[in-house]
Amino acid sequence: MSRLQTRYLCQNCGYESLKWMGKCPECDSWDSFTEEVVLQEKASSSSKAGGARSAAGHRSIVPAGTGLPVPITQVEATAQERLLTRIGEFDRVLGGGIVPGGLILVGGDPGIGKSTLLTQVAAQISGGEGRAESSPLSVLYISGEESAQQVKLRSARLGAETPHFLIGVETEIGIILHHLETTRPALAIIDSIQTMFDSNLESAPGTVSQVRACATHLARFAKSTGVPIVLIGHVTKEGSLAGPRVLEHIVDTVLYFEGDRHHAYRLLRAAKNRFGSTDELGIFEMHEDGLLGVDNPSAVLLSERTEDGAGSAVASTLEGSRALLIEVQALVARSNLASPRRAVTGMDPNRVNMILAVLEKRIGLKLAEQDVFVNVAGGIRILEPASDLATALAIASNFREQPIHPTTILIGEVGLAGEVRAVSQIEKRLREAARQGFTRAIISKHNAGKLPKNLGLEVTGVANVNDALHAALLTPPRTS
Ligand code: TYD
Ligand code: MG
């Protein structure tokens, strides 16, 4: 027995409510509730839907050998062979390729390049080019947004025209499952999950209940057959489409494809990964003929730096297994506002406020009446405190109008007492700096003690920000 009921669901996070609300108590988004029809299974109905959990206790006969708990020592650890896409940046962010039966969500703003990236992945797998086993594998690309002709135009541009690349233009989940069942591809791509619908549900495609139902069906298929599936999802700040947050607990891996549409660079980050770390960062550049992995991101990120400017400092940060050099820029200007502006892009504003307080209190820089702008060049976002020292020195450098020695790298976390603290994996960070042509490094004295000799740059260990300032800043040219 089932009866129809309506509920209000937050389209951003899936929070359910009996009445309409202006603001979601779960994720704080405004005007995000939409009325949806939900199918309620009566609690007394025989174990169809809630079976596993509610009916288990009443079941008298358990089929032998199915799902019985076993000692962990008897569980066979089969090393699962991953499907390599041969797109290095993509494979690395995934933790070394695609795991059989994995469900991967690739989210991002419309137009950022999701379809492009996954078409290239499909091309690699179905093309056979350069594959070690040299046998092309079939890929099923389900498009709910574009016609087969449009997908073909893009594929032609990206070199994905192979007979193993199967296109299906379809939006009904039942039919898609049927296609999956009959083709059993090595990889399936659903573009996009928000256009798919389950005809058993009343609500419109893109709503929380539809997105969740379709993803659940696909997850079940992936788990039972071992066919990995990539779901493409649009991220929307507000509005009618269900946000990927609804899907985060259904899928194994969540990747975000981000970047500034006005820049050519695109970043791929893992927000959740059951099969690898979430620290890895993939960097791509959008070209006429698709996305290209960036081999030397540090060089790219530093390419537009003006070396003689006061207010520019370079830090060596770790993104997963890779060290990345980034430029922190600061501009300090006299304010005419009662409470001066603090504008930060690319890092945590609270962290910058803390650094400003340290500079004011421990070094005596009079920043209270100054507007301060801090920016990480290239549209990158830094989460690590290891870039604190670079931030502090970029601000001090611009305030005092004394440039930092151009080939000096700054690495260290800044504490409330103004002390420069040690960071992890200092050697890796220094090696990357040396590789990019840096000749001096200013780091915490606690890091400096245990370094090998042959790093290729001169290392100065400092105790606090004041010492770092003395070591890093150049005296300004005398103006007479
Ligand atoms: P697309 O992959 O369609 O974005 P999404 O699926 O995330 O909405 O690509 C978006 C943009 O990329 C589009 O404006 C055109 C551009 N583009 C290129 O610059 N080069 C290419 O080779 C391709 C296929 C697209
Ligand atoms: Mg698209």
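Counting convention: from 1, in listed order, for ligands and their atoms alike. Residues take their numbers from the sequence shown, with the count starting at 1.
- Electrostatic pairing of R212 and D198 does not count as a salt bridge here, judged by no charged N lying under 4.0 Å from a carboxylate O.
- Side-chain contact of Q11 with T207: a donor-acceptor pair under 3.5 Å is absent, judged by distance alone.
- Below 4.0 Å from some heavy atom of D289 lie the following atoms of ligand 1, by number and element: 22 (O).
- Ionic pairing of K428 and E432 is not present here: no N-O contact between side-chain nitrogen and carboxylate oxygen is shorter than 4.0 angstrom.
- Ligand 1 lies out of reach of G108, whose nearest heavy atom is not under 4.0 Å from it.
- A salt bridge does not link R305 with E327: every distance from a Lys NZ or Arg NE/NH1/NH2 to an Asp or Glu carboxylate oxygen is 4.0 Å or more.
- The single protein non-hydrogen atom nearest to atom 8 (O) of ligand 1 is G111 N, 2.7 Å, given as residue, atom name and distance.
- Rounding to the nearest 0.5 angstrom, the gap separating the OG atom in S387 from the CD1 atom in I355 is 7.0 Å.
- Note on E413 versus R351: salt bridge recorded, some NZ/NE/NH1/NH2 to OD/OE distance being below 4.0 Å.
- Taking distance alone, with nitrogen or oxygen atoms compared against 3.5 Å, L158 stays at or beyond that limit from ligand 1.
- For ligand 1, one of its N or O atoms has an N or O atom of R154 under 3.5 Å away.
- Looking at every heavy atom in both residues, A323 comes nearest to R429 through CB-CA, 4.1 Å.
- There is no protein heavy atom closer than 4.0 angstrom to atom 15 (C) of ligand 1.
- The shortest contact between atom 9 (O) of ligand 1 and any protein heavy atom is with T116 OG1, 3.4 Å.
- Nearest non-hydrogen protein atom to atom 6 (O) of ligand 1 is S115 OG, 2.7 Å.
- Between H287 and ligand 1 there is a heavy-atom distance shorter than 4.0 Å.
- Within the listing of ligand 1, atoms 20 (N), 21 (C), 22 (O) sit less than 4.0 angstrom from a heavy atom of E288.
- Residue M286 touches ligand 1 through its side chain alone, judged by heavy-atom distances below 4.0 Å.
- For atom 4 (O) of ligand 1, the nearest protein heavy atom (residue, atom name, distance) is G113 N, 3.1 Å.
- The Mg ion (ligand 2) lies at 2.8 Å or more from every N, O or S atom belonging to S192.
- Looking at every heavy atom in both residues, D252 comes nearest to F275 through CB-CE1, 3.5 Å.
- For the residue pair R381 and R269, the shortest heavy atom distance occurs at O-NH2, 3.1 Å.
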